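Heads up: the structure comes next, in structure tokens.
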Amino acid sequence: MDKSIQDAINKQIGLELYSAYVYLAMSAHFAEHNFDGFASWMRSQAQEEQGHAMRLFDYLLDRGAHVDLGAVKAPPEKFGSPLEIYEEALGHEQEVTRSIHELYALARDKKDFATEIELQWFITEQVEEEATAETAVEQLRLAGDNPSALLMLDHQFGQREG
Ligand code: FEO
């Protein structure tokens, strides 16, 4: 495998693990503020992110490439309202999408067809991740400051399958 692709995939593993860290921090924040449904949603999201990291981890190993894990930076410590948190999650997903697209462009440039195919799963996944976060943001916008609407959404988000 081309070294630049190997490095970029290792960097992507770090970004996926950082994503898991961000969602775990959001989950803890929600749990501490008695929004158990949002907390559970964020915990499931963190697990998904770990799954994304492991998918790339296994891919590198399958290709006989080197896994080079770097430091994962600390997630934010302070969070705003549920709406602001989901807006932050959406912004984060958009950043992940950009990173996957750059990686795909690099694989194409280097004619690494196997990596292109591997990344197609991530491209599809990011469409879903952004759509899910966008729906959450829109629903929270509708709920506004209405406590009963927020509690109803908290309950609804808590139904997400792990
Ligand atoms: Fe792994 Fe939510 O991007």
Side-chain angles (χ1 to χ4, degrees), residues 1 4-31 35-63 65-108 112 114-141 153-154 156-162:
M1 180 185 282
S4 66
I5 294 181
Q6 178 181 284
D7 290 348
I9 294 178
N10 273 304
K11 210 171 127 216
Q12 187 66 34
I13 292 174
L15 183 58
E16 300 293 347
L17 290 174
Y18 175 67
S19 305
Y21 235 30
V22 169
Y23 292 127
L24 264 187
M26 288 174 172
S27 177
H29 171 86
F30 278 130
F35 283 119
D36 291 343
F38 295 139
S40 158
W41 191 101
M42 287 292 174
R43 185 185 280 234
S44 298
Q45 189 61 33
Q47 279 164 355
E48 271 201 18
E49 298 303 347
Q50 204 179 347
H52 297 168
M54 291 315 294
R55 203 176 165 113
L56 292 169
F57 178 98
D58 286 335
Y59 176 69
L60 282 179
L61 294 176
D62 284 348
R63 289 286 308 274
H66 177 56
V67 172
D68 184 14
L69 299 176
V72 179
K73 68 176 175 176
E77 281 178 38
K78 288 212 161 68
F79 295 102
S81 66
L83 172 60
E84 285 166 336
I85 293 174
Y86 274 89
E87 281 172 340
E88 209 173 317
L90 173 59
H92 184 74
E93 287 307 325
Q94 288 164 339
E95 188 190 324
V96 172
T97 300
R98 275 192 293 276
S99 175
I100 293 283
H101 288 181
E102 275 172 25
L103 189 46
Y104 189 85
L106 178 67
R108 183 163 274 199
D112 184 336
T115 298
E116 274 192 51
I117 289 167
E118 175 66 20
L119 291 174
Q120 278 166 10
W121 182 90
F122 284 88
I123 291 172
T124 307
E125 175 73 2
Q126 280 312 117
V127 172
E128 198 189 307
E129 297 264 277
E130 283 194 34
T132 306
E134 243 170 62
T135 303
V137 165
E138 279 160 21
Q139 288 179 332
L140 282 161
R141 262 191 205 131
L153 281 181
D154 179 54
Q156 182 190 313
F157 281 39
Q159 306 300 309
R160 175 183 177 166
E161 301 282 325

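Numbering of ligands and ligand atoms starts at 1, following listing order. Throughout, residue positions are numbered sequentially from 1 according to the sequence presented. Treat the numbers as computed from the prediction; the structure is a model and nothing was measured.
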TODO: Give a yes/no answer: is there an N/O/S atom of Glu93 under 2.8 Å from atom 2 (Fe) of ligand 1?
DONE: yes

Open item on the list: Restricting to N, O or S, what is the name of the atom of Glu49 that lies nearest atom 1 (Fe) of ligand 1?
Closed with: OE1

Task: ND1 (His52) - atom 1 (Fe) of ligand 1 - OE1 (Glu16) angle, nearest 10° - done: 100°

Open item on the list: Would you say Tyr59 and Arg55 are linked by a side-chain donor-acceptor pair, where the criterion is simply a distance under 3.5 Å?
Closed with: no

Open item on the list: Quick check: of its N, O or S atoms, which one does Glu129 have closest to atom 2 (Fe) of ligand 1?
Closed with: OE1

Task: Under 3.5 Å side-chain donor-acceptor pair for Gln120 and Glu116 - done: no

Open item on the list: What I want to check is whether the side chains of Glu16 and Gln12 have a donor and an acceptor closer together than 3.5 Å.
Closed with: yes

Open item on the list: Around atom OH of Tyr21, are there more than 12 heavy atoms from other residues, nucleotides or ligands closer than 6.0 Å?
Closed with: no

